[in-house]
Asks: 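Sharing a structure, written as structure tokens. Questions coming.
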Amino acid sequence: MDIGFIGLGKMGFPMARRLIEAGHRLTVFDTQKAAVDRLTALGAKAGASPKDIADEVETVMASLPSLQASLEVATGQGGVIEGRKVKRFVDLSTVGSQMAMKIHGLLAARNIAQIDSPVSGGVGGAEKGTLAVMVSGPRADFEAVKAALGVIGKVFYIGEKPGSGQTMKLANNFLSATAMVATSEAVVMGVKSGLDPAVMIDVINAGSGMNTASRDKFPRSVLPRSFDFGFATGLMVKDVRLAVEEMRSLGLSMEVAEAVGRLWETIIREEGAESDFTAAIKPIEKAAGVIVGGKESHAAK
Ligand code: NAD
């Protein structure tokens with residue numbers, strides 16, 4: 001099918017590439033020209049703006065880094081909302097249910113359907129087409145894009161209610177964020193007491209503590225101290241803040257989420273928004289006086 005694709009970053013690029021390889025005709029846009037060039041080299045057409053793309057295709061997908069970027073691309077000046085042909089805006093970004101509902105309302109006034117479609121599974125999942133794709137929105141529009149979304153991962157229809165795909169995604173990412181910091185605390189405790197972190201991770205992965213941080217993030221990016229998993233701390237903190245806001249807006253006070261939220265605020269303050277989110281262990285190491293993994297793995301004397 002003809003698809004517009006806006007936002008060609010760490011996630012957007014591999015998803016767009018897979019769609020081209022599956023035979024879809026893509027028109028792409030990104031504020032960074034180099035990102036567009038990488039896709040035109042693979043056969044995509046370059047669009048001049050979100051509106052320009054929405055003038056040409058019925059389905060526009062987006063994978064953008066902030067709530068503001070999704071709002072602007074969808075509903076701002078020169079945005080998808082001004083397009084003549086567009087019928088549906090499929091947002092693959094994580095924006096939370098409130099922003100999704102805001103975009104839904106603005107687009108509905110112009111008879112454009114908003115489809116939430118946040119994804120989970122990281123850059124590796126985007127490259128392999130194994131993401132979890134959490135879709136909500138009108139059933140008929142979901143059916144129109146289901147096959148294309150199947151190219152990027154396993155598709156789950158969450159429901160008609162706008163924003164419900166986002167609520168699902170925030171529940172998932174709250175767990176991912178928690179696994180990262182909880183595993184960091186567990187391993188730092190062990191190293192402080194003199195345990196070998198590589199052995200600890202092997203044991204955890206053979207035991208009941210196994211989680212996505214111990215299984216994927218520690219072996220690949222923490223123990224070798226490469227801190228290059230491919231998801232920015234700024235994006236993780238965005239998701240944690242959205243999850244805490246979502247809970248509060250439902251009248252809930254969640255103790256683990258509040259504590260995890262505070263810890264991630266320390267991490268972004270100390271490591272910066274651009275750092276890889278696996279650097280979350282660094283403030284925890286610093287407070288404990290230990291280094292986990294690498295050649296210098298040790299507890300402070
Ligand atoms: P990224 O920063 O690597 O890519 C975002 C791209 O959007 C960049 O190429 C940027 O130039 C472009 N962009 C920004 N503003 C724009 C605008 N106004 N118009 C057009 N292009 C614009 O981010 P990412 O890691 O690919 O994440 C994208 C989304 O996917 C985020 O919502 C993130 O939370 C979510 N996500 C990321 C991962 C991951 O592992 N990286 C996993 C799951 C979900």
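The structure displayed is predicted, hence computed values, not measured ones. Order of appearance sets the numbers: ligands from 1, and atoms from 1 within every ligand.
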Asks: Determine, considering heavy atoms only, which of V28, V36, D30 sits nearest to atom 9 (O) of ligand 1.
Replies: D30

Asks: Which residue and non-hydrogen atom of the protein lie closest to atom 2 (O) of ligand 1, and at what distance in Å?
Replies: P65 CB, 3.9 Å

Asks: Could you tell me the residue and atom name of the protein heavy atom closest to atom 44 (C) of ligand 1, and the distance to it rounded to 0.1 Å?
Replies: V119 O, 3.5 Å

Asks: Check each heavy atom of L64 against ligand 1 and say whether those closer than 4.0 Å belong to the side chain, the backbone, both or neither.
Replies: both

Asks: Atom OG in S117, atom CE in M134: separation rounded to 0.5 Å?
Replies: 8.5 Å

Asks: Write out the residue and atom name of the closest protein heavy atom to atom 4 (O) of ligand 1, then the distance separating them to 0.1 Å.
Replies: G9 CA, 3.2 Å

Asks: What residue and heavy atom of the protein are closest to atom 13 (N) of ligand 1, and at what distance?
Replies: T31 OG1, 3.6 Å

Asks: Going by atom types alone, do E246 and T167 pair a side-chain donor with an acceptor below 3.5 Å?
Replies: yes

Asks: Any heavy atom of G230 closer to ligand 1 than 4.0 angstrom?
Replies: yes

Asks: If the cut-off is 4.0 Å to any non-hydrogen atom of G7, which atoms of ligand 1 fall inside it?
Replies: 7 (O)

Asks: Counting each atom of ligand 1 from 1 as listed, which ones have a heavy atom of L8 under 4.0 Å away?
Replies: 9 (O)

Asks: Could R269 and E265 be called an ion pair, given the rule that one side-chain N must be under 4.0 Å from one carboxylate O?
Replies: no

Asks: I'd like to know if the side chain of T233 pairs up with that of S275 as donor and acceptor (distance under 3.5 Å, no hydrogens or angles considered).
Replies: yes

Asks: Relative to each other, are the rings of F231 and F277 parallel, tilted or perpendicular (30° and 60° limits)?
Replies: perpendicular

Asks: Is E82 paired with R110 through a side-chain N to carboxylate O contact shorter than 4.0 Å?
Replies: no

Asks: Regarding T183 and N211, do their side chains bring together a donor and an acceptor under 3.5 Å, going by distance alone?
Replies: yes

Asks: A quick test of your reading: do over 12 heavy atoms of other residues, nucleotides or ligands sit less than 6.0 Å from CD of E285?
Replies: yes

Asks: Could you check whether any side-chain N or O of R18 sits under 3.5 Å from a backbone N or O of I152, counting only pairs where one atom can act as donor and the other as acceptor?
Replies: no

Asks: If I take atom OG1 from residue T59 and atom CD1 from residue I115, how far apart are they, to the nearest 0.5 angstrom?
Replies: 8.5 Å

Asks: Under 3.5 Å, N or O to N or O, is M11 touching ligand 1 that way?
Replies: yes

Asks: Of the side chain and backbone of A35, name the one, both, or neither that has a heavy atom under 4.0 Å from an atom of ligand 1.
Replies: neither

Asks: Which ligand 1 atoms does K169 reach within 4.0 Å, using its non-hydrogen atoms?
Replies: 43 (C), 44 (C)

Asks: State plainly whether the residues R241 and E245 are in salt-bridge range, i.e. N to O under 4.0 Å.
Replies: no

Asks: Tell me which one of K85, R25, K45, K51 satisfies salt bridge (Lys or Arg N to Asp or Glu O under 4.0 Å) with E56.
Replies: K45

Asks: Considering the heavy atoms of S93, write down every atom of ligand 1 situated less than 4.0 Å from one of them.
Replies: 32 (O)

Asks: Taking ring pair (Phe, Tyr, Trp, His ring centres under 6.0 Å) as the cut-off, I'd like each qualifying pair that reaches into residues 9-34, sequence neighbours left out, listed once.
Replies: none

Asks: D239 side chain to L170 main-chain N or O, any donor-acceptor pair under 3.5 Å?
Replies: no

Asks: Starting from atom 27 (O) of ligand 1, which protein heavy atom do you reach first, and at what distance in Å?
Replies: L235 CD1, 3.7 Å

Asks: Considering heavy atoms of the protein only, find what lies nearest to atom 34 (O) of ligand 1 and give residue, atom and distance to 0.1 Å.
Replies: K238 NZ, 3.0 Å

Asks: Could you establish whether Q32 and ligand 1 come within less than 4.0 Å of each other, counting only heavy atoms on the residue side?
Replies: yes

Asks: At what distance is the nearest protein heavy atom to atom 35 (C) of ligand 1, and which residue and atom is it?
Replies: T94 OG1, 3.9 Å

Asks: Ligand 1 and K10, any nitrogen or oxygen pair closer than 3.5 angstrom?
Replies: yes

Asks: At under 4.0 Å between heavy atoms, which part of M15 makes contact with ligand 1: side chain, backbone, both or neither?
Replies: neither

Asks: Looking at atom 28 (C) of ligand 1, what's its closest protein heavy atom, distance included?
Replies: S63 OG, 3.5 Å

Asks: Between Q77 (side chain) and E72 (backbone), is there a donor-acceptor pair under 3.5 Å?
Replies: no

Asks: Should you measure from each heavy atom of I6, which atoms of ligand 1 turn up under 4.0 Å away?
Replies: 20 (C)

Asks: Counting only heavy atoms, which portion of V73 has something under 4.0 Å from ligand 1: side chain, backbone, both, or neither?
Replies: side chain

Asks: Out of all atoms in ligand 1, which are within 4.0 Å of some heavy atom of F29? Include the element for each.
Replies: 19 (N), 20 (C)

Asks: Using heavy-atom distances, let me know which of F277, F229, F231, F13 sits nearest atom 41 (N) of ligand 1.
Replies: F231

Asks: Examine the proximity of ligand 1 to E72 and report which part, side chain or backbone, both or neither, has a heavy atom under 4.0 Å away.
Replies: neither

